[in-house]
*Asks:* 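Below is one structure. I have some questions about it.
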Amino acid sequence: MNKTSNRSTLTNITFLVKTAFKYSKKLFVFFGIYTILTSIAPFIGILAPKFLIDELTNGKRTNVLIGILLIFFISSVITKFFIAYLNGAIDPLMIVVRFKFIDALEEKAMTMDFKYTENPKTLNDYNSAFLSVNNNSDGIEGVFHKFFEIGGSIVSFIGYICIVATLNPLILLYLLFNVIFIYSLTLKAKKYEHDVKDEKSDNNRRLNYIYSTMSDFAYGKDLRIYSLSNLLSQKYKIFSSKIVNISKKIELKYFKVSLLDAVLTIFSDAIVYGYLIYGVINKRISIGDFTMYFATVASFSTLMKSIMDNIAHIRAQNLYINDFRDFLEIEDEASPVNPIPIPYDTTFEIEFKNVTFKYPNSDKYVYKNLNLKINKGQRLAIVGINGAGKTTFVKLLTRLYEPTEGEILLNGININSFDRAEYYRLFSVVFQDIKLFAFTVAENIAISTTNIDRNKVSESITKAGMSEKINSLEKGIDTSVLKILDSAGVEFSGGQNQRLALARALYKDGSIVVMDEPTAALDPIAEQNIYNSFDDLCHGKTSIYISHRLASTRFCDAIAFFEDGKLQEYGTHEELLKLNKKYADMFNVQAQYYEDESSKEVI
Ligand code: ADP
C-alpha cells in the first residue's frame, strides 16, 4: 500500500459499525436485545442462591422459598432461550455482513486503476486486506462478534464491581491489576503476530502458487516429462516449513502468556477465597453473602478477562482493518466531474499527441513525444519486434494507463474527459493473453449470465471460425469452459481460446476494434480465417491490428512500424517496402523464414 495508516481502534469501529448498519439494520436490533439479556443473565445465577441460602438459614418460609425458586427458574429460562435464539439469528446475519465487506474489497480489486494490478505489491496488499474478511473469528467479523459480546459483559461487570467493592475495595484493586497485567502481555503477543504477518502472507502466496501449479493441468506435460514434481515438492517443503516456523513462534508467545495467567489466577483465588472463609468464620458475612461473593469473584476474573481479551482481540484486529481500509482507499485517478457523453453511433478518429510515457515503477521511457493519428474508419497495423511498445500503445489508448505527458484525443477530445466505464464500452479488444472463465461458452462470449442474445453468440462463434467445434459439443454454447467448476467442462486449445476471445469481441461489437497479436497461437490457415474475421469485426470501424509478423498486416490501410518506443516508419505496405528501410529489411528476413517454412511443408 502506498501508505500504512494508523487509524485508531475507535475510528475503525465507527467505520465498521456505520458500514455494517447500512448492510443490515436487523443485526443491530438483535444486538440491542442481546446486550440487555446478556447483561442481566449473570446476576440471576449470583443472586438467586444468596437469597435462597439466606432464607434457608433464617426464615425458612416455604412460600418465600418457592417464590425465589419460581422467579429464578422463569427468568433464567426466558433469558437463556432468547440468548440462544439470538445467537443463532445473529451469526448468519454477521456472515451476510462479512460477505458484503468482501464484495466491497473485490469491487475495488476489479475497478482500481489498472496500473496497480501490474504491481506485485498490490497483490500482497490485497492478500493482507483479504485476511480481514476471510474467516468468522478474526478480522472484521471477529471484531463484530467481540464488539457485540462486550456490550453485555461491560454492564454485568459494572454490577460485579459494585458487589466486590462492598466486600473490600483492596480485593477489587488486586483483581483489576491482575487482569490488566495479563491483558498487556496478550496485546504484545498479538502485536508480534501482526508484525510477522507480512512474512507469513508472503510465504502463503508462494505456497499458493506452488499448490496451483501442482494442480494446473496446463503444466501437466512439463510436470511429467521434466519430473517437475520433485522441484515443486522441494519448494513446497521450503515454504510450508517457513510458515510452520512462524506459526510456532507465535504460539510460543501465547503459551507463555497463558502459563503466567494460570499461575496468577491460582494465587488470586487462594487470597480471595481465604479472605471469604475468614469472613464467614468471624461472622462478618452470612453464608448467603459467601455464596454471592464466591460466585461474583469466580466470574469476576473470567468476565474481566473476557472483556480484556475481547478488547485485545479488537485492537489486534485493528491492524487488519487498517489494511482493509488502506486497500479500499488506494487512490485512483480522478474521474471527470462532468464527463462528456460519448456518441457511440459515429466512427472515431484517434490521435496520440506528443505522448510521453513511462510505467509507474520504471525509469525507462517507453515513448517520448509520440505522435500518431488514426483516421476515422482506418485499419492501422502496428508492427515491431517484442518490447517495441506495441501493447503499451493499446494500454494507453484503452486508458488502462495515463500518458506521463501529452494527450490522447478521440475525435479531438481528450479521452480523460469521458467517463471511464463509458469509454471502455467503445472497445472490442482481443488481448494477447487470452483469459477464458470457468463459465459456459455463451457466458464467456456475452460476459453475462442474463440477457444473453443466443443467436448473436452463435453468429459470433461462426464468424470466429469455431462453430464446427462448438456444435460438436453435446451442450453447444452451454458447455462449461475448463473443469474448475464443472467436471464436464471442456479444455480448449490455445488457438480455440483465441477464436473464442475473437467471438467475444465480435459479440461486444465495440466501435473501435483492437487485436493484439491475435494469431500468435494459430496455424497459417487459421490465421487467414482470422484476417477474414477481422474484416467482419471492423467493417468501417476504426481498428488497430498489432503483430510482430509483418506479413500478417498487409490487409491494413496503413502500417506503423515501432522500434524502441519510436514510430520509425509509417505508410502502406507497398510504400514501406519502397522506402527500403527497416520495415523492408525486417519484412524480407521474415518472408525468407516463412518461405523456408512453407517449402519445408511442401517437401
Ligand atoms: P511489445 O508489445 O511491443 O512487445 P510492450 O509495449 O509490451 O512491447 O513493452 C514496451 C516496453 O515497456 C518494454 O521495454 C517492456 O519491458 C516495458 N513494460 C511493459 N509492461 C511493463 C510494466 N507493467 N512495467 C514496466 N515496464 C513494462
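Everything numeric here is computed off the predicted structure, so don't read it as measured data. We count ligands from 1, going down the list as the structure has it; atoms in each ligand are counted the same way.
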*Asks:* Check this for me: does any side-chain nitrogen of one of D332 and K115 sit under 4.0 Å from a carboxylate oxygen of the other?
*Replies:* no
*Asks:* Name the closest protein heavy atom to atom 1 (P) of ligand 1, giving the residue it belongs to and the distance to 0.1 Å.
*Replies:* G387 N, 3.4 Å
*Asks:* Is the closest basic N to carboxylate O distance between E569 and K582 below 4.0 Å?
*Replies:* no
*Asks:* Applying a heavy-atom cut-off of 4.0 Å, say which part of E118 lies close to ligand 1: side chain, backbone, both or neither.
*Replies:* side chain
*Asks:* Consider only side-chain N and O atoms of T440 and D478, and report whether a donor and an acceptor are under 3.5 Å apart.
*Replies:* no
*Asks:* Check contact between K115 and ligand 1, using heavy atoms of the residue and a distance below 4.0 angstrom.
*Replies:* no
*Asks:* Where on T392 is there a heavy atom closer than 4.0 Å to ligand 1, on the side chain, on the backbone, on both, or on neither?
*Replies:* both
*Asks:* Check if G389 has a non-hydrogen atom at a distance under 4.0 Å from any atom of ligand 1.
*Replies:* yes
*Asks:* To the nearest 0.1 Å, how far is atom 14 (O) of ligand 1 from its closest protein heavy atom, and which atom is that?
*Replies:* K364 NZ, 2.9 Å
*Asks:* Return yes if some donor-acceptor pair links the side-chain N/O of Y507 with the main-chain N/O of E459 below 3.5 Å, else return no.
*Replies:* no
*Asks:* Considering only protein heavy atoms, which is closest to atom 18 (N) of ligand 1, and at what distance to one decimal place?
*Replies:* Y359 CE1, 3.3 Å
*Asks:* Heavy-atom distance from atom 10 (C) of ligand 1 to the protein below 4.0 Å?
*Replies:* yes
*Asks:* Looking at atom 16 (O) of ligand 1, is any protein heavy atom nearer than 4.0 Å to it?
*Replies:* no
*Asks:* Cation-pi check, K390 to F393: give yes when NZ or CZ is under 6.0 Å from the six-membered ring centre and within 45° of the ring axis, no otherwise.
*Replies:* no
*Asks:* With distance as the sole criterion, is a donor-acceptor pair present between the side chains of Y116 and E331 under 3.5 Å?
*Replies:* no
*Asks:* Looking at F15, I'd like to know if the NZ or CZ of R325 sits under 6.0 Å from its six-membered ring centre while staying within 45 degrees of the ring's axis.
*Replies:* yes
*Asks:* Strictly distance-based, threshold 3.5 Å: is any side-chain N or O of N375 a donor or acceptor partner for the main-chain N or O of Q378?
*Replies:* no
*Asks:* At the 4.0 Å heavy-atom cut-off, does I385 count as touching ligand 1?
*Replies:* yes
*Asks:* Give the atoms of ligand 1, by number and element, whose distance to some non-hydrogen atom of K395 is under 4.0 Å.
*Replies:* 20 (N)
*Asks:* For ligand 1, which atoms have a heavy atom of N386 less than 4.0 angstrom away?
*Replies:* 4 (O)
*Asks:* At what distance is the nearest protein heavy atom to atom 7 (O) of ligand 1, and which residue and atom is it?
*Replies:* T391 CB, 3.8 Å
*Asks:* Heavy atoms, side chains only, cut-off 4.5 Å: are V441 and I461 in contact?
*Replies:* yes
*Asks:* Are any of the N/O atoms in A388 less than 3.5 Å from those in ligand 1?
*Replies:* yes
